[in-house]
Amino acid sequence: MSVSFSARSTRGRGSARLAAGTLVSALVATTVLAGAGTAAADDGTAPGHSGAAATITGLKTYGGAVIHGAAGDQQVSAGLFEMSVEGGGMLQTYCVDVHTPTQKDAKYHETAWSGTSLGTNKDAGRIRWILQNSYPQVNDLAALAKKAGVRGQLTEQDAAAGTQVAIWRHSDDVDVDAVDPQAEQLADYLQKNARNQPEPRASLTLDPPAVSGRPGERIGPVTVRTDARSVTVLPPADAATGGVRIVDRKGEPVTTAADGGQLYFEVPEDEAADTVELTAQASTTVPVGRAFVSDSRSQTQILAGSSESTVSATASATWALEGAIPALSARENCAKGGVDVTVTNQDDEPFTFELAGAEYTVAGGASRTVTVPLSEDRPYDFTVKGPGGFEQRFTGMLDCLTRAAEIGTTTHTLTGPSPTPVAGTPTDTNLAETGAADGTPWIAGTAVVLVVLGGAGLVLTRRRQTPPGN
């Protein structure tokens, strides 16, 4: 497994008992302050997420399940999804939000548990145990059936359905059973024997995602966190002509690194105020139990298996000749019901900024985090403002709760297709389909609601302002 780095100039996102914490990794706002504190920020650019990015291709191996509720029984499809990784690779996932539909061809990105409803779910570790001790991690189905005490033959469809049902019991706190007796026996075994396991580490991150400093010095460090065995570092394209370089703490150009390696941006002394971005790419297997979220409010997924896949992360460096040099980062914090904005001030002088109608000051060499309270499933748009026209804008949508936590498990369809009764009257609505061409069920959850597509990711835009006299 190898990792390559490149730097480029950037001139020019259960149950009611869950209070999930949502982290949007590597979502960074950086603004250059140039000349007497006047802001010169880049035009809006959405930074990338850490880890794997993939497109969901459908529910591939599944069986039937029944959700029991006060409104009656609802039949759903339960099983294993597949995702196609950007840059190469395939992922297998189960869902952890049974009442939210999966949108066709939805884009997903890897995130920490705090980026989903798993954030403060006390059973999240048990879900990881289920993943590690069932299909497809355990693909000897005869051995799995024997260990689980399953009577009769356990098929792949039974194994996938039983595993998904066991996961839903922990992720959504729903009363759900598998239709097939063998799948139900497996689900009962997995639920009963599940034990807490620690959250898996990310496949690849750069920490911190934003640094700042003065030209003529090494700015950093940015630490590599990855499962990959080796790292290859590519300098910026203009390194040969004296531009910004990626080096180690001694100032030596970096050509190889490993997990824990530290990288610095070496900026020439006469370099004009600007921002550059470092992109890390690796080929590795994504750890079982990593969460995947979508920017389109498609149901949250959790990783059950991974091929060798492409993963990536970004970090940026900002510098200016004078004035404060803030580096901004943001993450959704569902435990607090909002977005945490962290401002780090690398200058000796204090940096004062305005956010959500209040004023804050960050001392020189310090950082401060402010939580902006927001409403669930509603778009937000706010700006950090500082002296000299400094502005940094954040937009997105807070998406912290499972559908059950938002509307309750007894709520019927708000819009769109209706759930399928187990023994009800005929209906023209196809179960759990959202337009899959092959006609197979597309979601691993009941179509209780058809959510309005929204940006669940945290999107950052930057506006350049020309300093006076330029």
Side-chain angles (χ1 to χ4, degrees), residues 1-11 13 23-28 30 45-56 83-91 93 107-112 115 200-211 219-240 243-248 253-266 275-288 290-295 303 305-317 329 457-458 460:
M1 292 176 285
S2 62
V3 181
S4 64
F5 288 88
S6 63
R8 61 181 178 84
S9 173
T10 61
R11 291 190 178 96
R13 183 172 161 3
L23 164 69
V24 180
S25 60
L27 292 177
V28 182
T30 53
T45 301
H49 302 278
S50 294
T55 300
I56 198 161
M83 291 190 185
S84 177
V85 179
E86 295 180 11
M90 292 295 296
L91 306 177
T93 61
K107 304 291 185 181
Y108 280 80
H109 61 267
E110 179 185 345
T111 189
R201 65 180 296 184
S203 60
L204 174 63
T205 58
L206 297 178
D207 181 36
V211 291
I219 302 174
V222 173
T223 303
V224 179
R225 307 291 186 193
T226 183
D227 287 339
R229 291 191 299 267
S230 63
V231 174
T232 301
V233 180
L234 301 176
D238 59 353
V244 178
R245 302 189 304 161
I246 307 302
V247 300
D248 62 19
V254 174
T255 58
T256 61
D259 177 48
Q262 293 188 324
L263 308 175
Y264 293 78
F265 296 82
E266 187 175 73
T275 297
V276 296
E277 186 177 84
L278 174 71
T279 301
Q281 291 185 329
S283 179
T284 186
T285 57
V286 182
V288 170
R290 290 293 290 171
F292 280 79
V293 294
S294 172
D295 294 336
L303 189 74
S306 169
S307 71
E308 191 84 357
S309 298
T310 300
V311 297
S312 63
T314 61
S316 63
S329 61
L458 178 63
L460 173 156

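None of V211, V247, I246 except one satisfies the side chain to side chain contact (heavy atoms under 4.5 Å, CB included) rule with L263; the exception is I246.
Here the closest heavy-atom approach between residue S316 and residue T275 is recorded as CB-CG2, 4.1 Å. Taking both residues in full, the closest heavy atoms of A112 and A291 are given as O-CB, 4.2 Å, listed atom of the first, atom of the second, then distance. In terms of heavy-atom proximity, A317 sits nearest to I219 at CB-CG2, 4.3 Å.
Under the rule for a side-chain hydrogen bond (donor to acceptor under 3.5 Å, both in side chains), S84 has no partner lying at least two apart in sequence or in another chain. Residues satisfying the salt bridge (charged side-chain N to carboxylate O under 4.0 Å, His left out) test with D259, not counting sequence neighbours, are R201. The side-chain hydrogen bond (donor to acceptor under 3.5 Å, both in side chains) test applied to S203 returns E110, not counting sequence neighbours.
Rounded to the nearest 0.5 angstrom, Y108 OH and T93 OG1 are separated by 7.5 Å. In this structure, L303 CG and R290 CZ are separated by 9.5 Å, a value rounded to the nearest 0.5 Å. Here OG1 of T284 is found 6.0 Å from CD of E308. Values are rounded to the nearest 0.5 Å. To the nearest 0.5 Å, atoms OG (S312) and CG (L206) are separated by 9.5 Å. With values rounded to the nearest 0.5 angstrom, T310 atom OG1 is found 7.0 Å from Q281 atom CD. Rounding to the nearest 0.5 Å places CG of D248 at 10.0 Å from CD of Q262.
Panel note: side chain S50, backbone A313; no donor-acceptor pair is recorded below 3.5 Å. A distance-only check finds no donor-acceptor pair linking the side chain of S309 to the backbone of G89 [under 3.5 Å].
Side-chain contact between M83 and T55 is absent, with no heavy-atom pair separated by less than 4.5 Å.
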Applying side-chain contact (heavy atoms from CB on, under 4.5 Å), run through L91 and F292 and close with a yes or a no. CA-CA 10 Å; L91 306 177; F292 280 79; 3.5 Å; yes
